[in-house]
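Notes to accompany the following structure.
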Amino acid sequence: MKEPPAEGRLERQRARQRAIAADVMAEGSVRIEAIAEKHGISLMTAHRDLDALVARGIVRKSRGVVTALPSSLVEASDLFRRGRQQPEKAALARAACAWIEPGHAVILDDSTTTLHLVPMLGDKAPLTVITNFLPVIEDLTGEPDLTLIALGGRFHPWANSFMGHMTVAAIREVRADIVIMSTSAITDDICFHQTEETVDTKRAMFDSAATRLLIVDHTKFERRALHALAPLTEFDHVIVDWRTPPEHVERLRRKGVGVTVAPAARGR
C-alpha cells in the first residue's frame, strides 16, 4: 500500500493542529487524553501536535492538561485573548477614542483591546500611529491619512508583537501625544505583566508619551502577574468597563486617579 504524499500528511497535521487549538481556545483548558480521543489520534501524536502549538506560543502543557488561560508567569496568546470580553473591549475602545484628536501621534500597545480601536481611527485622521502589534500594523497598512510607524525588533509569536531591546530603542526615538495601553493584571492598584520584555517595552511607550491612558476590562482586577509596570496613579486617566465592581472605581478615585466607566452599547 502506497504511503500518502508528504504534502497531504503535512496539510492534515496542520488542519488537526488548528482544530486542537480551536478546542483549547474555546474551553480554556482541556485534558490531553480528551484531545487524543476526540481527534482519533494516539497520545504520542497528540503530544507532538501540542508541542508544535506550544512552540508557537498558542497553548501550554502542564501535567496532562493543555491550557490557553493566563497565569502569573505566562500570558495567554493573543488568539485566546481576542475572543474574551469583546463587548467590554469595544466599550473601552469607544471611550478611549474620545481622547484622540486629529493630528495626534498615538502609541498603541499590543493589547487586544486596541484592535477594537483601529476601525475608529479613520474618523480622527490625520493621525500618526506607532505600534509593535502586528494585527494593528496589518489592519492600518494602506489607510489614507494615517501615518503608520511599525516598531520592529524580536517577534514574539504568543503576543503577535515585537518586543525587546531593539523595540525599546526604537520607541525611545519618538515622542507621542498619547499612549493607549492595557495590562495583564492589576494587584494593589499596580499594573503587572508576566514577562520582563513586556514591561520594558510598555514602560518605554509610557515614557515616550505626553498623555498616558490605561484601558482595562473588569477581569484584570481578578488576575495576578509577576512583573510590575507602574501604579495606576501614574496614568493620566484610567478607563474601565461597566462590569468593574464599584469598590475598585471608588478606591481609585479616592487615590486621585481619574476614572471613566465605559458604558455598555445600547441594547445590551
State whether Lys202 and Asp110 are salt-bridged, where the test is any N-O pair (Lys NZ or Arg NE/NH1/NH2 against Asp/Glu carboxylate O) under 4.0 Å.
-> yes

Note: Thr233 and Lys255 closest approach over all heavy atoms is CG2-O, 4.2 Å

Measure across Asp217 and Leu92 and return the closest heavy-atom pair with its distance rounded to 0.1 Å.
-> N-CD1, 3.6 Å

Going only through I, L, V, M, F, W and Y residues with side-chain contacts under 4.5 Å, is there a path from Val118 to Leu146?
-> yes

In this structure, CZ of Arg48 is separated from CE of Met44 (nearest 0.5 Å) by 6.5 Å

Side-chain touch Leu108/Leu121, heavy atoms, less than 4.5 angstrom = yes

What are the two closest non-hydrogen atoms of Leu117 and Ala93, and how far apart are they?
-> CD1-O, 3.5 Å

Close side-chain approach of Leu214 and His237, heavy atoms under 4.5 Å = no

pair Arg16-Arg14: side-chain heavy atoms closer than 4.5 Å | no

Quick one: does Ser208's side chain have a donor or acceptor within less than 3.5 Å of a partner on Arg175's backbone?
-> no

Return yes when atom CD of Glu234 has more than 12 non-hydrogen atoms of other residues, nucleotides or ligands closer than 6.0 Å, and no otherwise.
-> yes

In one Ile/Leu/Val/Met/Phe/Trp/Tyr side-chain cluster, 4.5 Å: Val261, Phe221 = yes

Lys NZ or Arg CZ of Arg212 over Phe206 ring: under 6.0 Å, within 45° | yes

For atom CD of Glu138, is the number of surrounding heavy atoms from other residues, nucleotides or ligands below 6.0 Å larger than 12?
-> yes

When you measure from the side chain of Ser182 to the backbone N and O of Ile215, does any donor-acceptor pair fall under 3.5 Å?
-> yes

Taking it one step at a time, do Thr167 and Arg154 satisfy side chain to side chain contact (heavy atoms under 4.5 Å, CB included)?
-> CA-CA 7 Å; Thr167 312; Arg154 181 181 174 187; over 6 Å; no

Point-to-point distance, once rounded to the nearest 0.5 Å, from CE of Met181 to CZ of Arg203 | 8.5 Å

Please check if the side chain of Asp241 supplies one atom and the backbone of His218 the other of a donor-acceptor pair under 3.5 Å.
-> yes

With the 4.5 Å side-chain cut-off for hydrophobic clustering, are Ile137 and Val168 part of the same group?
-> no

Would a distance-only check, ignoring hydrogens and angles, find a side-chain to backbone donor-acceptor pair under 3.5 Å from Asn132 to Phe162?
-> yes

Same cluster for Met120 and Trp99 if Ile/Leu/Val/Met/Phe/Trp/Tyr side chains link at under 4.5 Å?
-> yes

For the pair Arg251 and Asp189, evaluate salt bridge (charged side-chain N to carboxylate O under 4.0 Å, His left out) and give the outcome as yes or no after the intermediate values.
-> CA-CA 9 Å; Arg251 183 185 66 256; Asp189 297 334; 2.7 Å; yes

Nearest heavy atoms of Pro263 and Ala91, plus distance in Å | O-CB, 3.4 Å

Out of curiosity, does Val179 fall in the hydrophobic cluster containing Ile190 (side-chain heavy atoms, cut-off under 4.5 Å, transitive links)?
-> no

Side chain to side chain contact (heavy atoms under 4.5 Å, CB included) between Val136 and Thr114: does it pass, once the steps are laid out?
-> CA-CA 8 Å; Val136 172; Thr114 60; 4.0 Å; yes

Do you know which two heavy atoms are closest between Ala170 and Leu151, and how far apart they sit?
-> CB-CD2, 3.9 Å

Point-to-point distance, once rounded to the nearest 0.5 Å, from CG of Asn160 to CG of Leu134 = 5.0 Å

Starting at CG of Leu127, measure out to CG of Asp145 and round the result to the nearest 0.5 Å.
-> 9.0 Å

First locate atom CD of Glu197, then atom NE2 of His227, and finally report the distance between them rounded to the nearest 0.5 Å.
-> 8.0 Å

Taking the side chain as C-beta and beyond, is there a heavy-atom pair between Thr244 and Val249 under 4.5 Å?
-> yes

Which heavy atom of Lys220 sits nearest a heavy atom of Val216, and at what distance?
-> CG-CB, 4.1 Å

Heavy-atom distance under 4.5 Å between the side chains of Glu88 and Trp242, does that happen here?
-> yes

Salt bridge (charged side-chain N to carboxylate O under 4.0 Å, His left out) evaluation trace for Lys61 with Asp51 = CA-CA 8 Å; Lys61 292 180 357 183; Asp51 287 342; 2.7 Å; yes

Thr201 side chain reached by Ile171 side chain, heavy atoms, under 4.5 Å | yes

Does the side chain of His104 reach to within under 4.5 Å of the side chain of Thr128, using non-hydrogen atoms?
-> no

Starting at NE2 of His248, measure out to CG of Leu232 and round the result to the nearest 0.5 Å.
-> 11.0 Å

Before giving the answer on side chain to side chain contact (heavy atoms under 4.5 Å, CB included), spell out for Ile32 and Leu43 the whole-Å C-alpha distance, their side-chain angles and the decisive distance to 0.1 Å.
-> CA-CA 7 Å; Ile32 297 175; Leu43 271 176; 3.9 Å; yes

Ile180 side chain near Ile107 side chain, heavy-atom distance below 4.5 Å = no

Can Met163 and Thr198 be said to form a side chain to side chain contact (heavy atoms under 4.5 Å, CB included), step by step?
-> CA-CA 7 Å; Met163 292 186 287; Thr198 303; 3.5 Å; yes

Could you tell me whether a side-chain N or O of Thr131 sits under 3.5 Å from a main-chain N or O of Phe133, the two making a donor and an acceptor?
-> yes

More than 12 heavy atoms of other groups within 6.0 Å of Glu247 CD = yes

Any donor-acceptor N/O pair, Asp109 side chain to Ser111 backbone, under 3.5 Å | yes

